[in-house]
Protein chains: 2
Amino acid sequence: MLNMDVLSQTFSALADPTRRAILARLAAGGATVGELAEPFDMSLPAVSRHLKVLTDAGLIERHTEAQWRRCELRGEGLRAAADWIEHYRRFWEASFDRLDAFLKDTDPKTKKGKPNARRKDR
Amino acid sequence: MLNMDVLSQTFSALADPTRRAILARLAAGGATVGELAEPFDMSLPAVSRHLKVLTDAGLIERHTEAQWRRCELRGEGLRAAADWIEHYRRFWEASFDRLDAFLKDTDPKTKKGKPNARRKDR
DNA sequence: TCCATATTTAACATGTATGTTAAATACAGA
DNA sequence: TCTGTATTTAACATACATGTTAAATATGGA
């Protein structure tokens, strides 16, 4: 998909368990195509195409070593996706307590127990 | 699809710019299907299906209000994807350090702007 | 009940994704 | 140069994704 925006291409590449497994393997160090293909019950051409998807998405790099193509993780390719998802962090980190407090604080039916100025008797 | 692992389903849902735009809109507050569809040059059934994808992925919630379906962001649905990607953080932070060192070492002008070649952006 | 509004489902078209096997390509070494 | 190993490309099959329009469903109100 050549006319795809960066985020779509990244998330799309990550949306396949085989490709995520390949990235996990590469997190432990570089590997050749054959080494990467070994654990999968899948033909070599199929793995080769997964690697092409990862390469096009900028998630791995390949350089030729004799007749092997050594693959390496390219972490930079994950940055945009990480940044995108990070913007939503507050939506899953907000504790239920905070949400609960917020609702109680804003719901007109509930008395707002905001401790205004503690009123001193005069 | 229903027999898809959670991460694949999440990343797959995020791999579409329309759906990401919908999530961005919902980050500002709940909205009905019609409201969500309005900015898109796309039929209502198409948006409805995007919402189904997001719902199935656990990224939004919908509750019926009269004849409207109000949609809300469900941040919890992003947690697993965020956790997954976070495991790789060191790989892009490390690569940034390398790039930075490389540029300082090799560029006589020592330009300050980041040389982000924006690839495949539409 | 009947109608308007909001949304989903059905039926369909089309392009993309992912797997297969067979052939092609690239390189190292005898 | 010939051969074996590593990997990719070609040709094909099939399933999924995503858009369309038309019909169906659900709710509220005259």
Side-chain angles (χ1 to χ4, degrees), chain A residues 1-23 25-26 29-72, chain B residues 1-23 25-26 29-72 120 122:
Chain A
M1 319 232 71
L2 290 173
N3 42 356
M4 208 181 207
D5 65 280
V6 173
L7 280 175
S8 295
Q9 199 170 10
T10 305
F11 284 130
S12 183
L14 297 180
D16 182 284
T18 300
R19 290 195 288 265
R20 289 196 308 277
I22 288 172
L23 293 178
R25 164 67 185 76
L26 290 177
T32 66
V33 176
E35 288 167 352
L36 291 172
E38 195 274 325
F40 299 107
D41 185 20
M42 185 183 300
S43 69
L44 211 49
V47 173
S48 181
R49 286 181 69 168
H50 279 303
L51 293 174
K52 178 161 173 33
V53 172
L54 290 170
T55 303
D56 290 347
L59 294 173
I60 66 175
E61 275 178 347
R62 300 144 110 178
H63 41 281
T64 299
E65 278 179 14
Q67 68 266 56
W68 295 276
R69 314 295 147 82
R70 179 151 295 265
C71 302
E72 287 182 13
Chain B
M1 292 268 92
L2 290 175
N3 42 353
M4 208 180 207
D5 64 281
V6 173
L7 279 175
S8 295
Q9 201 169 8
T10 305
F11 283 130
S12 182
L14 297 180
D16 182 284
T18 300
R19 288 194 289 263
R20 289 197 307 277
I22 289 172
L23 294 178
R25 164 67 186 77
L26 290 177
T32 67
V33 176
E35 288 167 351
L36 291 172
E38 195 272 326
F40 298 107
D41 184 21
M42 187 185 295
S43 68
L44 211 49
V47 173
S48 181
R49 286 181 67 167
H50 279 303
L51 293 174
K52 177 160 173 34
V53 172
L54 290 169
T55 304
D56 290 347
L59 295 173
I60 67 175
E61 276 177 349
R62 300 145 110 178
H63 43 279
T64 299
E65 278 179 16
Q67 68 266 57
W68 295 276
R69 313 296 146 82
R70 178 150 297 264
C71 303
E72 286 182 14
K120 297 163 186 166
R122 94 177 147 174

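To find a chain, count down the sequence lines: A is the first, B the second, and so on, and within it residues start at 1.
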Whole angstrom value for the distance that separates C1' of dG29(C) from CD of Gln67(A): 10 Å

Residue-level proximity of residues 12-22 of chain A to DNA chain C when a heavy atom falls under 4.0 Å: Asp16(A), Arg19(A)

Touch class at under 4.0 angstrom, heavy-atom based, for Thr32(B) against every strand present: sugar-phosphate

Distance, nearest 0.5 Å, that separates CZ of Arg70(B) from CG of Leu26(B): 9.5 Å

Main-chain N/O of Leu54(B) paired to Arg19(B) side chain as donor or acceptor, under 3.5 Å: no

Position toward the 5' end of DNA chain C (nearest nucleotide), Thr64(A) or Arg69(B): Arg69(B)

Between dT7(C) (P) and Trp68(B) (CH2): distance, integer Å: 8 Å

Show which side-chain atoms of residues 6-15 of chain B pair as donor or acceptor with protein atoms under 3.5 Å away, not counting sequence neighbours.
from: Ser8(B); atom 1: OG; to: Arg20(A); atom 2: NH1; distance (Å): 3.0
from: Ser8(B); atom 1: OG; to: Arg20(A); atom 2: NH2; distance (Å): 3.2
from: Ser8(B); atom 1: OG; to: Asp5(B); atom 2: OD1; distance (Å): 2.6
from: Ser8(B); atom 1: OG; to: Asp5(B); atom 2: OD2; distance (Å): 3.1
from: Gln9(B); atom 1: NE2; to: Asp56(B); atom 2: O; distance (Å): 3.3
from: Thr10(B); atom 1: OG1; to: Val6(B); atom 2: O; distance (Å): 2.9

CG-NE2 distance between Asp16(A) and His50(A), expressed to the nearest 0.5 angstrom: 4.5 Å

Listed partners of Arg62(B) passing side-chain hydrogen bond (donor to acceptor under 3.5 Å, both in side chains), at least two apart: Thr55(B)

Distance in angstrom units between Glu65(B) CD and dT7(C) C1', rounded: 14 Å

Tabulate below the donor-acceptor pairs under 3.5 Å that side-chain atoms of residues 31-47 of chain A make, not counting sequence neighbours, or state none.
from: Thr32(A); atom 1: OG1; to: Glu35(A); atom 2: N; distance (Å): 3.2
from: Glu35(A); atom 1: OE1; to: Thr32(A); atom 2: N; distance (Å): 2.9
from: Ser43(A); atom 1: OG; to: Ala46(A); atom 2: N; distance (Å): 3.4

Nucleotides bounding contact with chain B, strand DNA chain D, heavy-atom threshold 4.0 Å: dC16(D) to dG28(D)

Sugar-phosphate, base or nothing in reach of Arg70(B), heavy atoms under 4.0 Å: nothing

Contact list for DNA chain D against residues 39-57 of chain B - heavy-atom distance below 4.0 Å: Met42(B), Ser43(B), Pro45(B), Ala46(B), Arg49(B), His50(B)

